[in-house]
Amino acid sequence: MTGVGENEDQYLWLEEVTSDRALDWARAHNEVVIDRFASSDRFTELESRILAMLDTDTRIAYPGRRGRWLYNFWRDGEHAKGLWRRTTFAEYAKDDPEWEVLIDLDALAADEDENWVWGGAAVLRPEQSRALISLSRGGADAKVVREFDIDTKTFIAPEDGGFYLPEAKSEIRWIDLDSVYVGTDFGPGSLTDSGYPRIAKRWRRGTPLTEAEIVFEGEPSDVAVSAGYDRTPGYERHFVGRATDFFNEEVFLLESDGTLRHIDVPTDASESWYKDWLLVRLKQPWEIGGATYPSGALLGMNFERFLSGARDFDILFTPDEHTALHGYGWTENHLLLITLEDVQTKLHVLTPGPDGWTREPLADAPPMATTSVMNLDPLEGGDEFMLSTSGFTSPTTLMSASVGGATEVLKKEPEFFDAAGVETEQFFATSDDGTRIPYFVIRHRDSKNKPGPTVMSGYGGFEVSRTPAYSGASGMGWLERGGTWVMTNIRGGGEYGPEWHTAVQKANRHKVYEDFAAVAKDLVARGITTHDQLGAVGGSNGGLLMGVMLTRYPELFGAIVCQVPLLDMKRYHLLLAGASWIAEYGDPDKPEEWEYISKYSPYQNTDPARQYPPILLTTSTRDDRVHPGHARKMAALLESQGRDIWYYENIEGGHGGAADNKQSAFQAALIYEFFANTLIK
C-alpha cells in the first residue's frame, strides 16, 4: 500500500473545517479553478442557461399532498431562497394556479440576517393549523426547528409556548397540538457515535425541554433512535425505533403504560403498517412458521394476527432474476407496487379482499423512463394519486390518477435542451465475477459512427437505485456538445433487489469497483469511446467510487470529477456521520476489516509511479455529513505528487453541494466545462 500511511498524515490540519488556514487554502484553490474553467464566454453562457432553467416558472411545481391542500417549496429568479406555499387540487390543475404563500424564506433570512436554507415542514394533521419548520444555516444537515402558525403565518416564539429546537441533527414529530416526540442534542451523552439522537422524549407544550419525558434510550453505538405516532382514526399507534446500524432497526409499539411491544421481524427488513395490515419487505431470506420467504419479497398479514403470534404471511411480491420491488404505498383501499424489470419501471395494483389479494396492472409505463407514484394520501385522499414520468430525453409529465379511474395530464415540464436525434440504449457489461451489469447510453444517433467523448456516472451503495431521469443540465452541458452520457447500474444499488446491494458490502466492496471498471472497458470495446475520451463522475459514496477509479484504474479514464467524497477510509468513521456507515464499508479500527478496506482506500493508495488522469475534486465547507477534509486532504496529497489536480470548495451548500440555484448552476457548468476541456480534443 502506498499513499498516506498510518501516523504520517501531514494534512490533518485540513480537517479543521472553519480554521483560517484551511479556508485560505480552499479559497486559493477556488481562484485557480475559476480562472481556468469558469472565466470563458462559453462557461458564462452555459451557467446562465442552467440558472434560467432552475429559475423559470415554467418548471413543474411538484406538490406534496396533505388532505385538501397541496404544499410546495418553490425557488425562482425572484425568490432565490424560496417560498413555502400551498393551494387546492382544483386550483393546482389550472395552467396558472394561485398559491397561498406561507413563508417567504428570502424575506425571513434578510429580516433575521441568517443564511437560511429550507429543511422541510411537518404539518399537524388533520387540522393543518401548525407546522414544525426545519431551517439550516447554509444547507447543513443540522437544522433549527421552529413552530409555525399557518393561519396567522407567523412563527410562535418559545416564550409564547412555541416548540423550538436549536441547531442539531434532530428528529421531531407531532403527537397532537400540545405534544411532540423529540430526539435532539440534550447535552453530553445524548447523541450516538454517529452524531444522531440517542434518546427519544415526549415533550409537552409549555414545559422546558429539560423536563421532557424519556420514552426510549438507545446505545452510543447505535446510529439513531426515534419515536412517532400513527394517527389513523381507529388505529392510533405510538411506536419507537432503534437503528442499530445503517441497515438494521428494531421497532416497538409503545403501549399506554410505557411498555414496549417488539414487532418481531428481521431487523434488516422494512416494516410498515396501515389500518389492519402489516407489510414486511425482506432483505434476506426469512425462515418462519414452516415457510422460507425469499430475499426481496414483500409480505402482508393482518397486524393483530401477527401480534398474536401468527406468521403465515401472504406473499405480495416475489422477485426474480430480472425483477425487483422498487416502491409501494397505500391508497385508501389498494396497495400500489412499482417494480423494476432490468431497471425499467412497471406499475401494479393489489387489492385485499375476503378471499385474499388480487393483482392487476395499474398503468402503462414507457420504456427507457422512470414512472413514479406520488401523493398517496390514504386517510384523506381516497384512491387518488399522481404519476410522474421522466426519461433521459423526455421532460417530466405529471398526471392525476385513481385506481379504476382515468389518468389525466396535469403538468408537463418544458424541454431545456435540443434532444432531436438523441437516443437512449441499454447495454450490459460483464464484471470480473461474471455478473451482468446494466448501463444506459444516451447519445446522438450521428455519434454512433465513431468513438467520441463520453462521461459515465456511478454510485453503487446503500441500496440506492439509479433509474432514467431527465437532466436539462447534462443535456445543455454535454449532449448538445456532441458528448455521450452513460448511467451505470453497478452493484451496491437496489436495481435488482436487496442482494444487488448485500453482495458487495464490506469485504466484497471491491466488486463495486470492478463493475464500474467493467462498464468502462465495455464502452471502449463497443467503440462508443476511447479511454482518453472517457470521463467519470460521482458524489458522496460515488465520490469514493471516483477515488478508487483514480488510484486503481487510472488507465481507463481521461478525466474524473469527484464530488463531496469519502476518500480517507482509515478515518471516515471518526468524522461527522461516518460511524453510521460502518455496516456498509466495515470498521477500520478492526484489523481484519481494515485489511480489505486498506486495499482500496484512495487516500492510502495513491502511487507516485502511476500516471493519473486530470481530476476535479469538489466539496462544501458546510457539509456536515461527509467531512470536507476528505476532498481537501486528497487534493493536497495529489498536488504534492505533481498531479493534474483541480479543487473547488463551495463555502456554503451542505452535502447537496449548493444552497441555492445560482450555486447549483455554477457547479453544474463547472463540471461540464472541465470535461469539455479534458475530453474533447
Side-chain angles (χ1 to χ4, degrees), residues 65 265-266 268-286 293-303 306 313-353 355-379 381-391 397-407 438 463-469 489 493-501:
R65 182 172 187 174
V265 300
D268 64 349
S270 300
E271 70 266 40
S272 61
W273 55 82
Y274 168 65
K275 292 186 177 179
D276 292 318
W277 293 100
L278 171 70
L279 301 181
V280 181
R281 186 212 177 209
L282 299 178
K283 292 187 178 180
Q284 301 284 349
W286 187 25
Y293 301 102
S295 171
L298 180 67
L299 312 179
M301 177 183 283
N302 178 278
F303 201 3
F306 175 86
F313 287 93
D314 293 316
I315 302 179
L316 307 183
F317 171 82
T318 303
D320 60 34
E321 183 180 357
H322 298 279
T323 309
L325 184 61
H326 187 53
Y328 51 94
W330 287 96
T331 67
E332 182 179 5
N333 301 295
H334 307 275
L335 179 66
L336 308 186
L337 301 187
I338 306 172
T339 62
L340 289 180
E341 296 183 19
D342 286 327
V343 205
Q344 301 191 51
T345 48
K346 305 290 183 182
L347 306 176
H348 317 266
V349 56
L350 277 65
T351 306
D355 298 323
W357 294 75
T358 61
R359 176 171 174 167
E360 298 177 355
L362 177 62
D364 291 332
M368 303 293 180
T370 299
T371 300
S372 303
V373 175
M374 302 171 54
N375 288 317
L376 295 165
D377 189 355
L379 299 187
D383 291 324
E384 297 177 350
F385 55 94
M386 292 183 186
L387 291 173
S388 173
T389 296
S390 172
T397 297
L398 183 64
M399 297 163 282
S400 64
S402 62
V403 176
T407 299
E463 205 179 338
V464 175
S465 299
R466 305 179 74 234
T467 59
N489 299 111
E495 289 89 342
Y496 288 97
E499 292 181 349
W500 199 244
H501 168 243

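- In this structure, Arg466 and Glu495 approach most closely via the heavy-atom pair N-OE2, 3.0 Å.
- Within 6.0 Å of NZ in Lys346 there are 12 or fewer heavy atoms belonging to other residues, nucleotides or ligands.
- Contacts of Ser465 classified as side chain to side chain donor-acceptor pair (under 3.5 Å), with partners at least two apart in sequence or in another chain: none.
- In this structure, Thr407 and Ala401 approach most closely via the heavy-atom pair OG1-CB, 3.7 Å.
- For residues 327-343, the set of pairs meeting the salt bridge (Lys or Arg N to Asp or Glu O under 4.0 Å) definition, not counting sequence neighbours, is empty.
- Of all heavy-atom pairs spanning Pro468 and Ala369, the tightest one is CB-CA, 3.9 Å.
- Taking Trp277 as the reference, nothing meets the side chain to side chain donor-acceptor pair (under 3.5 Å) condition, with sequence neighbours excluded.
- Across Val280 and Ala269, no two heavy atoms sit closer than the pair CG1-CB, 3.8 Å.
- Judged by distance alone, with hydrogens and angles left aside, the side-chain atoms of Asp383 form no donor-acceptor pair with the main-chain N or O of Val403 at under 3.5 Å.
- Under the side chain to side chain donor-acceptor pair (under 3.5 Å) criterion, Thr389 pairs with Thr371, not counting sequence neighbours.
- When the options Pro498, Ser295, Ser272 are evaluated for a side chain to side chain contact (heavy atoms under 4.5 Å, CB included) with Arg281, the one that passes is Pro498.
- The minimum heavy-atom distance linking Gly300 with Leu279 is given by the pair CA-CD2, 4.0 Å.
- Thr467 pairs by the side chain to side chain donor-acceptor pair (under 3.5 Å) definition with Thr370, not counting sequence neighbours.
- Residues Leu398 and Met374 form a side-chain contact, since some pair of their non-hydrogen atoms from C-beta on lies under 4.5 Å apart.
- Aromatic pair Phe313/Trp286: ring centres closer than 6.0 Å.
- Closest of all the heavy-atom pairs between Leu337 and Tyr328 is CD2-CB, 3.5 Å.
- In this view, Tyr496 and Trp500 satisfy the ring pair (Phe, Tyr, Trp, His ring centres under 6.0 Å) rule, not counting sequence neighbours.
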